[in-house]
There are 2 protein chains.
Amino acid sequence: MRPRNGAANQKGRSFIEAARRDQIVQAAIETLSELGYAKSSFARIAEHAGISAGLISYHFDNKSELFQQVVADINALMDGWLTEHIGEAASYREALQRLIEGFVLFCDSHRAHVLALGQVLAGVGGQENGELVRSQREQSVGQIEQMLREGQEHGEFRDFSPRLMAVTLLGSIEAIPAELFARPGTDVAAYAKELSMTYDLAVRRSRLSRITRG
Amino acid sequence: MRPRNGAANQKGRSFIEAARRDQIVQAAIETLSELGYAKSSFARIAEHAGISAGLISYHFDNKSELFQQVVADINALMDGWLTEHIGEAASYREALQRLIEGFVLFCDSHRAHVLALGQVLAGVGGQENGELVRSQREQSVGQIEQMLREGQEHGEFRDFSPRLMAVTLLGSIEAIPAELFARPGTDVAAYAKELSMTYDLAVRRSRLSRITRG
DNA sequence: ACCTGAACACCGTTCAAGT
DNA sequence: ACCTGAACACCGTTCAAGT
């Protein structure tokens, strides 16, 4: 009974279906940020959007697909924001610093989105249907890993496993939203500076090594 | 209808209730590690323990209390393991390294427990009844923060916010289990070394500073 | 094609009833 | 005190029925 139509736009979806999906995703984000994952049932989300619960099942294969779309939408928003914030960095060290600081600032300026994202990542994380969520995380790891590897090849970073450092950094980054919500008064700019300094010290070539290498 | 008896042992619980609670918690851990959070219903856990689902509600106020007990039990196991592994460290730098390496090794040698812990932290994390879970995390942050602060006071660590560094480190640590499960072939000893090296570089006083300080 | 509302199997929790 | 099994309100999903 899922819509499989021919007259469609970008992803084989009709105009009205694309609009409904958007509406439902937005309602889900609002419900998640207001009520938390546990209470974000189809009934509540539908109520929030002014539609029937059955309509959500009509437009999404299941609950998991809906929340994956939530994650995808927020990730896309974040990607655009970070790309803009990194801009043209003069070095890999600087790019890494801007990435870290940019993420802290994004968390600060998009609290509702980040809160909703945290809710769904936590709520859906352990389940088998959270496969797409895991693959999106894997993609983030891969991007950071690539950046670290290039920095090593350009001689800016010391010798470490790019994969493990990426996982380590992503862990630190993912801890930011919870901290900002736990302590709303946190000095965000200071947090950004501290975190980027911490990882600059962790990844950069040491002074002695740089002397040795020339 | 919850048991409120007088003739009891350590925590106001009768012998049989303590035994039942233990049995149920163990069954929950096994169910969590085998089926994941979403499928760990009372019905499944009770089936695993050979009792009725109603009995779980009889011994625990609600689902949240059961999973909080799961977290508490595993945390206690981990605390004992880490305390033993740290032992008598000669310095704060060494203590921090042993803590990090010890945690990686614990994750490797207690996969079922760590997997269950991850499931319940993810599943219960965003909810309002996950308050006790959050407070246990806050306690972990506090312990690491305290250790970092002392290391600073002894002149071993550079000047940073102990709170933010603790949150950053805990984030990296909490990313370990997922990585070990995502890549079962990971060289655990190498992971431990890389991570402890990374944070040693991040927190230690720089060479120039040490020369300055004497 | 799009949408509703009833029906279904499940969930956590309560509670009368047994021992 | 300890335990069961039926009952309750809820959940996600399905589906006949409307337009």
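Per chain, numbering begins at 1; letters A, B, ... match sequence-line order.
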Practice task
Report the base-pairing partner of C/dC10 (Watson-Crick or G-U wobble, both distances below 3.5 angstrom), or none.
Solution key: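 C/dC10 is paired with nothing.
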
Practice task
Hunt down the Watson-Crick or G-U wobble partner of C/dG5, both distances under 3.5 Å, from any strand shown, or write none.
Solution key: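 Pairing partner, where one exists within any strand: D/dC15.
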
Side-chain N or O of [X] less than 4.0 angstrom from OP1 or OP2 on [N]?
X       : N      : result
B/Arg44 : C/dC10 : no
B/His59 : D/dC3  : yes
A/Ser14 : C/dC2  : yes
A/Arg20 : C/dA1  : no

Specify the separation, in whole Å, of atom [atom1] of [X] and atom [atom2] of [N].
X       : N      : atom1 : atom2 : answer
A/Tyr58 : C/dC2  : OH    : C1'   : 5 Å
B/Lys39 : C/dG12 : NZ    : P     : 14 Å
A/Phe15 : C/dC2  : CZ    : P     : 11 Å
A/Arg21 : C/dC3  : CZ    : P     : 13 Å
B/Glu47 : D/dT4  : CD    : P     : 14 Å
A/Asp61 : D/dT13 : CG    : P     : 9 Å
B/Glu65 : C/dG12 : CD    : P     : 15 Å
B/Tyr37 : C/dC11 : OH    : C1'   : 12 Å

Tabulated below should be each protein N or O lying under 3.5 Å from an N or O of nucleotides 5-9 of chain C; please produce it.
none

Problem - Side chains of B/Ser196 and B/Glu101, donor plus acceptor under 3.5 Å - result: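 There is such a pair between these side chains.
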
Please table the atom pairs, donor to acceptor, closer than 3.5 Å between any side-chain atom in residues 165-186 of chain A and protein atoms at least two apart or in another chain.
unit_1: A/Thr168; atom_1: OG1; unit_2: A/Leu164; atom_2: O; d: 2.8
unit_1: A/Ser172; atom_1: OG; unit_2: A/Thr168; atom_2: O; d: 3.4
unit_1: A/Ser172; atom_1: OG; unit_2: A/Tyr199; atom_2: OH; d: 2.7
unit_1: A/Ser172; atom_1: OG; unit_2: B/Thr168; atom_2: O; d: 2.9
unit_1: A/Ser172; atom_1: OG; unit_2: B/Ser172; atom_2: OG; d: 2.9
unit_1: A/Ser172; atom_1: OG; unit_2: B/Tyr199; atom_2: OH; d: 3.3
unit_1: A/Glu174; atom_1: OE1; unit_2: A/Arg137; atom_2: NH1; d: 2.6
unit_1: A/Glu174; atom_1: OE2; unit_2: A/Arg137; atom_2: NH1; d: 3.0
unit_1: A/Glu179; atom_1: OE1; unit_2: B/Arg163; atom_2: NH2; d: 2.7
unit_1: A/Glu179; atom_1: OE2; unit_2: B/Arg163; atom_2: NE; d: 2.8
unit_1: A/Glu179; atom_1: OE2; unit_2: B/Arg163; atom_2: NH2; d: 3.3
unit_1: A/Thr186; atom_1: OG1; unit_2: A/Arg183; atom_2: O; d: 2.6

Exercise for the section: Indicate, with a heavy-atom threshold strictly under 4.0 Å, whether B/Ile56 touches base, sugar-phosphate, or nothing. Expected result: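 Since no nucleic acid heavy atom lies under 4.0 Å of B/Ile56, the category is nothing.
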
Practice task
Taking the six-membered ring of B/Phe160 (Phe, Tyr or Trp), confirm whether the NZ or CZ of A/Lys193 is under 6.0 Å from its centre and within 45° of its axis.
Solution key: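 Judged by the rule (NZ or CZ under 6.0 Å from the ring centre, within 45° of its axis), A/Lys193 is not positioned above B/Phe160.
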
[X], nearest nucleotide to its side chain (from [options]):
X       : options               : result
B/Ser57 : C/dT14, C/dG12, C/dA1 : C/dT14
A/Asn62 : C/dT4, D/dT13, D/dG12 : D/dT13
A/Phe42 : D/dT13, C/dT4, D/dA1  : D/dT13
A/Ile16 : D/dA1, C/dT13, C/dC2  : C/dC2
B/Ala43 : D/dC11, C/dA1, C/dC11 : C/dC11

Handout entry: Plane angle bin for A/Phe67 and A/Tyr37 - parallel if under 30°, tilted between 30 and 60°, otherwise perpendicular
Key =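 The rings of A/Tyr37 and A/Phe67 sit tilted, inter-plane angle from 30° to 60°.
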
Practice task
May I ask you to decide if the ring planes of B/Phe157 and B/Tyr92 are parallel, tilted or perpendicular, using 30° and 60° as cut-offs?
Solution key: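 Ring orientation, 0 to 90° scale: perpendicular.
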
Handout entry: Along DNA chain D (nearest heavy atom to each residue), the more 5'-positioned of B/Gly50 and A/Lys63
Key =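 Nearer the 5' end of the strand: B/Gly50.
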
Practice task
State, yes or no, whether a side-chain contact exists between B/Gln23 and B/Arg20 at a heavy-atom distance under 4.5 Å.
Solution key: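 Yes, close enough: below the 4.5 Å cut-off.
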
Problem - Closest approach of B/Arg21 to B/His59 (non-hydrogen atoms, all atoms of both residues) - result: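 Result for this residue pair: NH1-O, 3.1 Å.
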
Handout entry: Carboxylate-amine/guanidinium contact A/Glu156 A/Arg204, below 4.0 Å
Key =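 Salt bridge absent between A/Glu156 and A/Arg204.
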
